[in-house]
Amino acid sequence: MTVDLVLKDGIVVVRDRETVLSVSIDRGKIEGIYKHGEEPESRKIIDSRGLYILPGLIDMHVHLRDLDQCEKEDYETGTMAAAAGGVTTVVDMPNSNPPVLSRKVLDRKIESASAKRYVNVGFYAGIPKSIPIFERSIVPNILGFKVYPHSPLTKGTEYTKKRIKDCLELAKENDLPLLFHPDSSKKDDIADDQEEFFSIHSCESEVSSLQAFLDAKVEYEARMHVCHVSCAATARLILKHRAEHTLTAEVTPHHMFLSGGDFAHDNGVAKMLPPLRSPYDSKMLSQALCQQCAIDCVASDHAPHKESEKLAPFLEAASGIPGLETTLPLMLTEVFEGRLMWVDYLRCCCSGPATILGISNKGILAEGYDADIVLVRKEEWQIKGAHFFSRAKITPFEGRRVLARPITTIVGGEIVYSNGRFVIGPGIAGRVPVRKG
Ligand code: NCD
Ligand code: ZN
Ligand code: ZN
Ligand code: ZN
């Protein structure tokens, strides 16, 4: 037989060991993994000597801003950033303008993403104030529900015990995870100075809001996922809950690798929610991810804003930083410097999010899986926001030394990006929407 593509003689990680192998791709799927000389005939060959052949990242937490905030980012620039960062699947949050609370808005997003995509794009929905008006026909096109108790998508929604239970029930009935931003601050908690900002969005506030959801959840056993865990205490609470119940959680690279003290905070360069914490918290989050199994996966929380919104004085600046082009280099630097095992990298960046989302054909480099692959070179370089494909070019990782660079990104068997260039146009590779199954 003749296959579409062979990635020849690259480095494949098999049971935590680096092994030289070739990966063949046919009709969008991984056809097989072969020893040198045993590869099938192929219409195209990529000489992958010296490059790692890895599953593309699945980033289950991004804000691509399409519809009415395209000056910050849109599906084209956002998925270009993903492809250039070795991320082959992204899942877009519903706090867009307009927010995803209806079929009409979701359909507009699907249409826009279909035309502009360079990678696979999945979606979450918010939950309307009145749950009976939720349109069930959107369920097959979403991968979960997202709630922001501190900043609801619909004005005036209060996360009372009843509301929390109703949201958990909706998620359970539809067999989808309820994703949750832990923060118990109130809309009218306005900070007058920086100190107050950090105390409003404190670790105590993160822990207490999670506790309120967990108290409701024990009665319902709905699937719940905690977004961007930022505090050691939150990781401890998750671990305790997981002793008896199911619960999943994510951590961002910035909460693991940066702490608040590293920044002067005279503008918004390092402003995000949840905020950066202490060096102790960041150290404990890395341990929670790779030693304690309190945390299942890494997500970037890619949250682009305009330059003027980031360079404003701290209190006025927008919260959120770009992350799609820094996750892979930062995480693989941990592997190459011996702080993270390959198995943990593959679990937290690829297979873990696929399992949480129920997308069973992705996240693993093995026969029969979707050919969503990134070729990576081990090479020292420095992160420079000016080189991002994202419209958001301000990053708190500016100048950071990293040891891995995505070279070629393949989505559904199509070569999308190679050596700094896009080799096909938008709307060709990848699936929109990504569905469960
Ligand atoms: C996110 C955004 O800008 O949409 N901001 C952030 O600081 N993380 C919202 C969010 O993830 O809560
Ligand atoms: Zn959030
Ligand atoms: Zn938020
Ligand atoms: Zn977010």
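Both counts, for ligands and for their atoms, begin at 1 and track the order of listing.
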S.K.: Please report whether the ring centroid of F422 lies less than 6.0 Å from that of Y118.
M.R.: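 Ring-ring flag for Y118/F422: true, centres closer than 6.0 Å.
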S.K.: List every atom of ligand 1 that sits less than 4.0 Å from any heavy atom of H305, numbering the atoms from 1 in the order shown and giving each element.
M.R.: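 Checking each atom against H305, I get 3 (O).
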S.K.: So, for H63 and H302, is the gap between ring centers shorter than 6.0 Å?
M.R.: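 No: the rings miss the under 6.0 Å criterion.
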S.K.: Could you identify the N, O or S atom of H181 positioned closest to the Zn ion (ligand 2)?
M.R.: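 Atom name of the closest N, O or S in H181: ND1.
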S.K.: With no hydrogens and no angle check, is any side-chain donor or acceptor of T395 less than 3.5 Å from a backbone partner on F397?
M.R.: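 Side chain of T395 to backbone of F397: a pair is present.
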S.K.: For the residue pair F314 and F197, is the inter-centroid distance of their aromatic rings smaller than 6.0 Å?
M.R.: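 Yes, close enough.
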S.K.: Ignoring hydrogens, just give me the one of M272, M93, E309, R65 whose non-hydrogen atom is nearest atom 3 (O) of ligand 1.
M.R.: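 The residue whose heavy atom sits nearest atom 3 (O) of ligand 1 is R65.
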S.K.: Check whether D16 reaches the backbone of W342 with its side chain - one donor and one acceptor, N or O, closer than 3.5 Å.
M.R.: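 Present.
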S.K.: Mark up the atoms of ligand 1 that fall under 4.0 Å of a heavy atom belonging to H181, in ascending order.
M.R.: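 Selected atoms, number and element: 10 (C), 12 (O).
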S.K.: Specify whether an N/O/S atom of C227 falls short of 2.8 Å from the Zn ion (ligand 2).
M.R.: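 Under 2.8 Å: C227 has no N, O or S contact with the Zn ion (ligand 2).
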S.K.: Using ring centroids (six-membered ring only for Trp), state whether F336 and Y52 fall under 6.0 Å.
M.R.: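 Yes: the rings meet the under 6.0 Å criterion.
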S.K.: For the Zn ion (ligand 2), does an N/O/S atom of H228 lie at less than 2.8 Å?
M.R.: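 H228 does place an N, O or S atom closer than 2.8 Å to the Zn ion (ligand 2).
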S.K.: Is any N or O atom of L273, backbone or side chain, closer than 3.5 Å to an N or O atom of ligand 1?
M.R.: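 Right, the criterion is met.
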S.K.: Below 3.5 Å, N or O to N or O, backbone or side chain included: is there any such pair between H150 and ligand 1?
M.R.: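 No, there is no polar N/O contact under 3.5 Å.
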S.K.: Heavy-atom pairs closer than 4.0 Å: do any link ligand 1 to the side chain of S319, the backbone, both, or neither?
M.R.: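 Within the 4.0 Å criterion, S319 contacts ligand 1 through backbone and side-chain atoms alike.
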S.K.: Which of the atoms in ligand 1, numbered in the order shown and given with their element, are less than 4.0 Å from a heavy-atom of H61?
M.R.: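 Those of ligand 1 that fall under 4.0 Å from H61 are 11 (O).
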S.K.: Look only at the side chain of S205 and the backbone of H201, and say whether a donor-acceptor pair between them is shorter than 3.5 Å.
M.R.: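 No; zero donor-acceptor contacts below 3.5 Å.
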S.K.: Look up atom SG in C203 and atom CZ in F198, then write down how far apart they are to the nearest 0.5 Å.
M.R.: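 Going from the SG atom of C203 to the CZ atom of F198 covers 11.5 Å.
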S.K.: Using a heavy-atom cut-off of under 4.0 Å, does the side chain or the backbone of I321 touch ligand 1, or both, or neither?
M.R.: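 It is neither part, as no heavy atom is under 4.0 Å.
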S.K.: Between S278 and D281, is there a donor-acceptor pair closer than 3.5 Å when you use the side chain of the first and the backbone of the second?
M.R.: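 At least one qualifying donor-acceptor pair exists.
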S.K.: If you measure every N/O of Y148 against every N/O of ligand 1, is any gap under 3.5 Å?
M.R.: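 In fact, backbone or side chain, Y148 has no N or O that close.
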S.K.: Pick one of side chain, backbone, both or neither for how K271 approaches ligand 1, counting any non-hydrogen atom pair under 4.0 Å.
M.R.: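 No part of K271 comes within reach of ligand 1.
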S.K.: Provide the atom name of the closest N, O or S atom of D301 relative to the Zn ion (ligand 4).
M.R.: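 The closest N, O or S atom of D301 to the Zn ion (ligand 4) is OD1.
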